Amino acid sequence: MPVFFWQAGLILLPVLVIAAVAITAILQNRAEVEREAQGRAEEVARQCGKDLERSWGGLLMSQDYYAWQWCAYLASVVGAWPGSEERTQVEADAARSPTLSWQAHVAEWQTQNPGLPPEEVFPDRFLLTAEGRICEGMEFNPAPQPPAWFTGLSSTQRAAWESLEAAASSGADLKEVQQRLARFEETNPGPEAAKNAAFLGLRARLATLPPTNAVGEAQRFSWTCHEALTEAGLPLSNLAFSEALRYARAMGPSEALWKEIREQVLWTPSLLTPGLLAQLGELAGTNATLRAGVDAWRTLWNARLKLHDIAEAIRQSGKLRGITTTNLWIEQGDTRWLCVLNPDITPTVEAARGIRHTNAPLTVVRFLPKSVAERSLVRALANSEVRLPEYLGLAAWLEGESLTLPDRWLPPRGTNSAPLLLAEASGSLSNPVRSSLEVKWEDLPSRPRFVLRLYLADPARLFAAYRRQALLLTGLVAAAAFGALVGVFASWRAFQRQLRLNEMKTNFVSSVSHELRAPIASVRLMAESLERGKVSEAPKQHEYFRFIVQECRRLSSLIENVLDFSRIEQGRKQYDLEPTDLIALAQQTVALMETYAAERGVNLQLQFPDAINHQLPNYQLPEYQVPADGKALQQALVNLIDNALKHSPKGGTVLVGLENQKSQIQNPPSVLLWVEDHGEGIPPSEHERIFERFYRRGSELRRQTQGVGIGLSIVKHIVEAHGGKVLVRSAPGQGSRFTIEFPIKSWNAS
Ligand code: ADP
């Protein structure tokens with residue numbers, strides 16, 4: 001037994017070692033894959049971060065350039081008087097260099113920002129005073145207040161002003177108005193008050209002039225009062241221009257008016273601007289070109305209006321304290337805007353355009369919609385050399401605001417667990433931005449900060465190769481383990497069989513010795529008695545001799561069996577086939593066994609079918625003439641009859657029969673030679689085992705019958721060597737029938 005366990009151990013041990021090694025390898029490989037992914041993600045994050053620092057800022061901040069081009073086109077071409085010098089000039093420039101033309105820029109804008117009208121982004125910047133007020137020509141004030149010149153009027157000045165105003169608004173004649181105007185001027189009012197008074201005088205005078213002159217006068221007046229406010233706090237210039245538009249109705253639109261609208265919309269915006277545009281629209285009438293111009297100005301006006309909302313939101317955010325360097329996100333309309341606030345360092349440029357009206361330091365606010373930030377990020381990532389492995393997902397924040405990226409960059413959604421964060425990088429947009437006013441690059445002191453995070457977005461993809469390998473390895477180990485277990489099981493079976501065989505062999509040796517000892521002892525006894533002359537009567541002597549002969553025959557039959565068995569075991573048993581008559585064989589064998597049967601008190605009979613009985617004694621029936629080794633076949637029959645006699649009760653009958661079986665569906669025609677007894681029978685579970693060598697039923701001690709356990713195994717061997725088979729039909733208490741079946745076909749063939 002220990003030997004077996006040693007063997008099993010030797011078979012299983014290598015498999016266990018292989019399995020252990022494979023499991024460690026699999027675990028290590030997984031860790032390795034994860035480490036690699038982590039390393040790759042860190043590398044990608046670092047490289048992406050660097051690339052974004054270099055290019056994102058530029059891409060982001062230069063977006064306005066195209067919008068600026070577009071809006072400049074709206075102002076200088078669409079909004080300008082048809083055939084005006086400016087319009088002709090811009091169109092000629094565009095024709096000369098198409099790649100630099102506004103069309104090219106607008107096309108570029110549209111490919112880069114589909115669905116986002118350029119004027120959304122125009123203007124891209126404005127100036128804020130330390131108090132958070134827009135400083136851009138005349139300030140647009142959505143809630144105008146009476147200005148200082150008005151609230152500061154002395155009582156005499158106020159009385160003179162009110163009398164002038166009453167006359168002007170009641171439509172008094174020009175003379176009356178001029179007198180009151182002179183009276184007001186005598187009170188020595190400030191320049192702004194004087195301008196307002198002069199406007200009232202002008203208005204009265206215009207009514208007396210021919211419309212052409214009235215338009216010219218009003219326009220000229222509007223040029224002189226860009227910074228003056230009316231007593232209600234509205235730009236005086238707007239009112240003057242409105243007068244010009246009113247008188248122009250009589251004579252139709254003109255280039256001069258179209259030139260002036262630019263100043264009115266861009267530099268003196270007020271609550272009156274929409275009214276002015278409406279008046280201008282009326283003047284344009286059905287002229288499509290002019291109407292398009294008015295629409296262009298309306299677009300530009302709306303773009304400007306947006307500044308005030310944004311400025312207001314900035315003020316309310318509380319982040320603007322004096323001159324600020326900061327970045328923030330604000331909500332305006334349906335859009336989130338990134339506002340980049342920096343101290344204004346370009347006073348000379350702005351001043352040269354006449355925008356700046358103060359020497360106080362200002363904050364320049366650049367602002368871009370979130371969608372532009374997102375698109376420029378995608379472009380910057382696409383421009384970057386870094387390729388994102390497919391299993392990684394990228395998420396980005398700009399100034400704390402999470403940016404929405406296309407799916408390609410996103411960690412997949414819909415997974416329950418949050419994706420694993422592998423690496424993070426941050427940086428700031430330190431890029432120079434191109435100022436839209438001149439070709440000049442400036443750095444943003446308030447570098448907007450960004451954060452990049454790389455996630456393990458698709459673990460299945462990452463681990464695909466690893467999983468295949470692990471599966472293969474597991475499969476191999478499982479196969480090896482299975483093989484080893486089968487091996488152990490097989491050797492366990494073999495081992496068990498060997499044990500059983502050994503036991504049976506031992507029993508066999510003791511059975512054989514026992515079988516030999518008893519007859520030899522009695523033969524010796526009788527022979528000695530005869531030798532000493534103790535048995536004198538002739539019949540008795542005869543009986544002794546007969547007994548001795550019979551015992552010797554039995555002994556030689558036993559020895560024959562043992563020798564045959566040994567020949568069979570060694571594969572030396574040979575059969576000489578010659579025509580053999582089965583009827584004769586059965587008759588002879590029964591005759592041979594009769595004495596033995598009589599001795600045991602058992603009735604041994606032949607039972608032939610009628611076909612044979614009719615022919616007897618001339619029993620030359622061809623179907624029972626078969627080629628066979630007669631001696632061997634007789635030995636098989638002897639063994640069967642011997643077993644039947646041994647297991648029959650005293651007085652019982654043993655039948656030996658022969659019959660011819662016709663061909664059936666499954667069986668070819670055959671000859672059946674059978675031996676039947678009415679003994680204790682054999683349970684079906686043992687029907688196969690009784691043919692095993694050395695097998696004997698029951699325990700060694702309880703066994704009543706003689707025998708050594710090789711008889712049936714010899715029968716089986718002989719019959720199978722003849723191409724036949726041995727069948728048992730038996731059940732406990734119902735006797736047994738052993739049938740030798742020779743198929744005639746193979747019989748004839750052999
Ligand atoms: P043995 O020398 O023991 O007879 P065999 O190989 O001839 O060996 O038979 C094997 C076993 O089969 C016997 O031990 C017996 O138990 C059983 N056996 C054989 N023939 C018969 C039978 N006719 N009736 C009952 N049992 C039988």
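In listed order, ligands and their atoms are each counted from 1. The model shown is predicted, which means the values in this text are computed figures rather than measured ones.
Within ligand 1, the atoms closer than 4.0 Å to a non-hydrogen atom of Gly711 are 5 (P), 6 (O), 7 (O), numbered from 1 in the order shown. Interface of Ser736 with ligand 1, defined as ligand atoms under 4.0 Å from a residue heavy atom, comprises 22 (C), 24 (N). Residue contact check: Lys646 has heavy atoms under 4.0 Å from atoms 1 (P), 2 (O), 4 (O) of ligand 1.
Not a single heavy atom of Asn639 sits under 4.0 Å from any atom of ligand 1. Under a 4.0 angstrom heavy-atom cut-off, Phe691 registers as lying outside contact with ligand 1. Ligand 1 lies nowhere less than 4.0 angstrom from a heavy atom belonging to Gly679.
Looking at Gly707 next to ligand 1, no N or O pair under 3.5 Å apart turns up. Taking distance alone, with nitrogen or oxygen atoms compared against 3.5 Å, Gly681 stays at or beyond that limit from ligand 1. Considering backbone and side-chain atoms alike, Phe738 places every N or O at 3.5 Å or more from each N or O of ligand 1. Remark: ligand 1 and Arg696 share an N or O pair separated by less than 3.5 Å (distance only, no angle test).
Proximity of Tyr695 to ligand 1, defined as any heavy-atom pair under 4.0 Å, is confined to the backbone N, CA, C and O atoms. At a 4.0 Å heavy-atom cut-off, ligand 1 touches Asp677 through the side chain alone.
A salt bridge is absent between Lys534 and Glu528; no separation between the charged side-chain nitrogens and carboxylate oxygens falls under 4.0 Å. For the pair Glu543 and Lys540, the salt-bridge criterion is not met [side-chain N within less than 4.0 Å of a carboxylate O]. By the 4.0 Å N-to-carboxylate-O rule, Glu503 lies too far from Arg500 to be salt-bridged with it. Glu686 and Arg697 are joined by a salt bridge, as a carboxylate oxygen and a charged side-chain nitrogen come within less than 4.0 angstrom of each other.
Considering all non-hydrogen atoms of both residues, Leu52 and Ala380 come closest at CD2-CB, 3.5 Å.
Considering each of Glu686, Arg697, Glu692, the one bringing a non-hydrogen atom nearest atom 13 (C) of ligand 1 is Arg697. Here atom 25 (C) of ligand 1 lies nearest to His647 when heavy atoms of Glu676, His647, Lys716 are compared. Closest heavy-atom approach to atom 20 (N) of ligand 1 among the candidates Val728, Asn643, Leu558, Ile682: Asn643.
Applying the salt bridge (Lys or Arg N to Asp or Glu O under 4.0 Å) test to pairs two or more places apart or on separate chains, those with a residue in residues 7-35 are Arg30-Glu34, Glu32-Arg35.
In this structure, the ring pair (Phe, Tyr, Trp, His ring centres under 6.0 Å) partners of Phe694, at least two apart in sequence or on a different chain, are Phe508, Phe565.
For the pair Glu720 and Ile718, the minimum side-chain heavy-atom distance is 4.5 Å or more.
With hydrogens and angles ignored, the 3.5 Å screen pairs no side-chain donor or acceptor of His647 with any backbone N or O of Asp677.
Aromatic ring centroids of Phe4 and Trp492 lie under 6.0 Å apart.
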